[in-house]
Amino acid sequence: MTATPAPTPPLPRGAAPDASDRWILRGDLLDFVDDPGFAPPDAAPGARWRADHLVLIEAGRIHAVQPAAQALPEAWRDVAVQDERGRLILPGFIDTHVHCPQLDVIASYGTELLDWLNTYTFPAERRYADPEVSQQGARRFLNALWAHGTTSAVVFPTVHKVSAEALFEAAHTAGMRLVTGKVLMNRFAPEGLLDDVEQAERDCVDLIDRWHGRGRNAFAVTVRFAPTSTPQQLAMAGRLCQTYAGTYMQTHVAENRDEVKWVMELYPDARSYLDVYDRDGLIGPRAVLAHGIWLDERDRAVLREHGAQIAHSPSSNLFLGSGLFDWAQAQRDGLHVSLASDVGGGTSLSMLRNMQDAYKIQALQGTRLTAWKALYTATLGAARALGLSAEIGSIEPGRHADLAAWNWAHGEVATHRDGLCRDLHERLFVWMTLGDERNLHQTWVAGQTVFASPP
Ligand code: GUN
Ligand code: ZN
């Protein structure tokens, strides 16, 4: 093993790695083996800190992890080492709810959810009917995720089949784990953003046939939210979930009080907003429900029984004035909770910035979110909730080499503060609270560089 920094020759993006593609990453590794919960920081349950270790990467996957001081296996002695000592190596983040086309409307002023959709979002999404707009949008979006240290995502495109195709295609080319599906919406949206039940079903089945399980892609039955689907369309979506086991389901639920009221007017015989989905068979272990701020106890019991997850979207919930998600209650009720940017309702693709907002949302309710819990949630927690922990979310032999190297500090204030930290949690918490995408040094998807900070 050599200690000399030897930059890994980046593989061309999209090349399928073969067994001869070996390299070694050296640095301080942090990942998780279990949920730290809301235990105080010094308990650090579930966190795994491995200072100065080597990650042996072969054909896009982690082959082994070992202390740098330990001799390398014979076959690895001449393999190039990328030396990232002094940086924090984490599994790539998993963003469980984000809208690709909404990079066009991120940071739009002055409205709550329902006005925001009509004023900004729907007009922007209409442009994605154009395949060229969809393809460019997908590429811009994936590049942006990588530039924020995110390597896997559960994504909303638009109602247009081409927008889902474009995302599948771009993710497949990069060898990235992506979950998406064309948005279902057949009412209460402008011309150009509406589908119908039969055509939508055909489009979904075709996308499932061509993309679900191809490379690292998975299909999600993507109901925008209850108001924009007729009962007939929701029933069709439920049939798809039941017929194509292994597909995901993504939607929004109980985000905003006016939205909840509207849903109860549209579906007066449902017990609750969540029940509108549940009675059509949409809630299962692969259901990803964004927000879930205004759920009640019975709703949470339904989610727990099904093993479904809430994609907590902190910056969006603050920006759109939607409400304060009670994460501690969700934890007590045994729910899976993942973290999501929900761009463009959310104001940043950065999972760090979303963790900062998550911390403040919990602080307002008397709960303290540790850096352990926040980082677990954006890595192994999300991977587990998605049923993908054998593939992503930790730095473990057999997992894909979806990794990110982070600088501990960016700028004078953070550098000064970082130097004063007395223990690992303090350092991580300062990094999480003061850091953002400017701290990111490099991102790898399946062992290949997809982002490198400018020198
Ligand atoms: N509910 C229905 N559509 C959307 C959307 O695009 N963003 C958010 N935050 N909530 C929604
Ligand atoms: Zn959303």
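Whatever order the structure lists ligands and atoms in, that order sets their numbers, starting from 1. Numbering of residues begins at 1 and proceeds along the displayed sequence.
In this structure, the separation between CG on Asn439 and CG on Leu88 is 10.0 Å, given to the nearest 0.5 Å.
Defined by atom type and a distance below 3.5 Å, a donor-acceptor pair is missing between the side-chain atoms of Ser341 and Asn354. For the residue pair Gln135/Glu165, the side-chain donor-acceptor check at 3.5 Å is not satisfied. Using modelled atom types and a 3.5 Å distance limit, the side chains of Asn256 and His291 yield no donor-acceptor pair.
Under 4.0 Å from ligand 1, the heavy atoms of Trp116 that appear belong solely to its side chain. Here Asp342 has side-chain heavy atoms under 4.0 Å from ligand 1, and that is the only part of it that gets that close.
By the 4.0 Å N-to-carboxylate-O rule, Lys161 lies close enough to Asp206 to be salt-bridged with it. Note on Arg224 versus Asp195: no salt bridge recorded, every NZ/NE/NH1/NH2 to OD/OE distance being 4.0 Å or above. Comment: Asp402 does not engage Arg177 in a salt bridge, judged by the lack of any side-chain N to carboxylate O separation of less than 4.0 angstrom. Salt bridge status for Asp280 with Arg239: absent, with no side-chain N to carboxylate O gap under 4.0 Å.
Considering only non-hydrogen protein atoms, atom 6 (O) of ligand 1 sits nearest to Arg224 NH2, 2.6 Å. Among protein heavy atoms, the minimum distance from atom 10 (N) of ligand 1 is reached at Glu255 OE1, 2.7 Å.
Residue-ligand proximity, Leu113 to ligand 1, at heavy-atom distances under 4.0 Å covers atoms 1 (N), 8 (C), 10 (N), 11 (C). Each of the following atoms of ligand 1 lies closer than 4.0 Å to a heavy atom of His291: 9 (N).
Within the 4.0 Å heavy-atom cutoff, Glu259 does not count among the residues contacting ligand 1.
His97 pairs in a side-chain hydrogen bond (donor to acceptor under 3.5 Å, both in side chains) with only one of the listed residues (Gln250, His252, Gln309), which is His252.
Remark: Trp406 pairs with Phe93, Trp431 by the ring-ring contact (aromatic ring centres under 6.0 Å, His included) rule, at least two apart or across chains.
Here 4 is the count of protein N, O or S atoms positioned under 2.8 Å from the Zn ion (ligand 2), waters not counted.
Considering backbone and side-chain N/O atoms, Glu125 never comes within less than 3.5 Å of an N/O atom of ligand 1.
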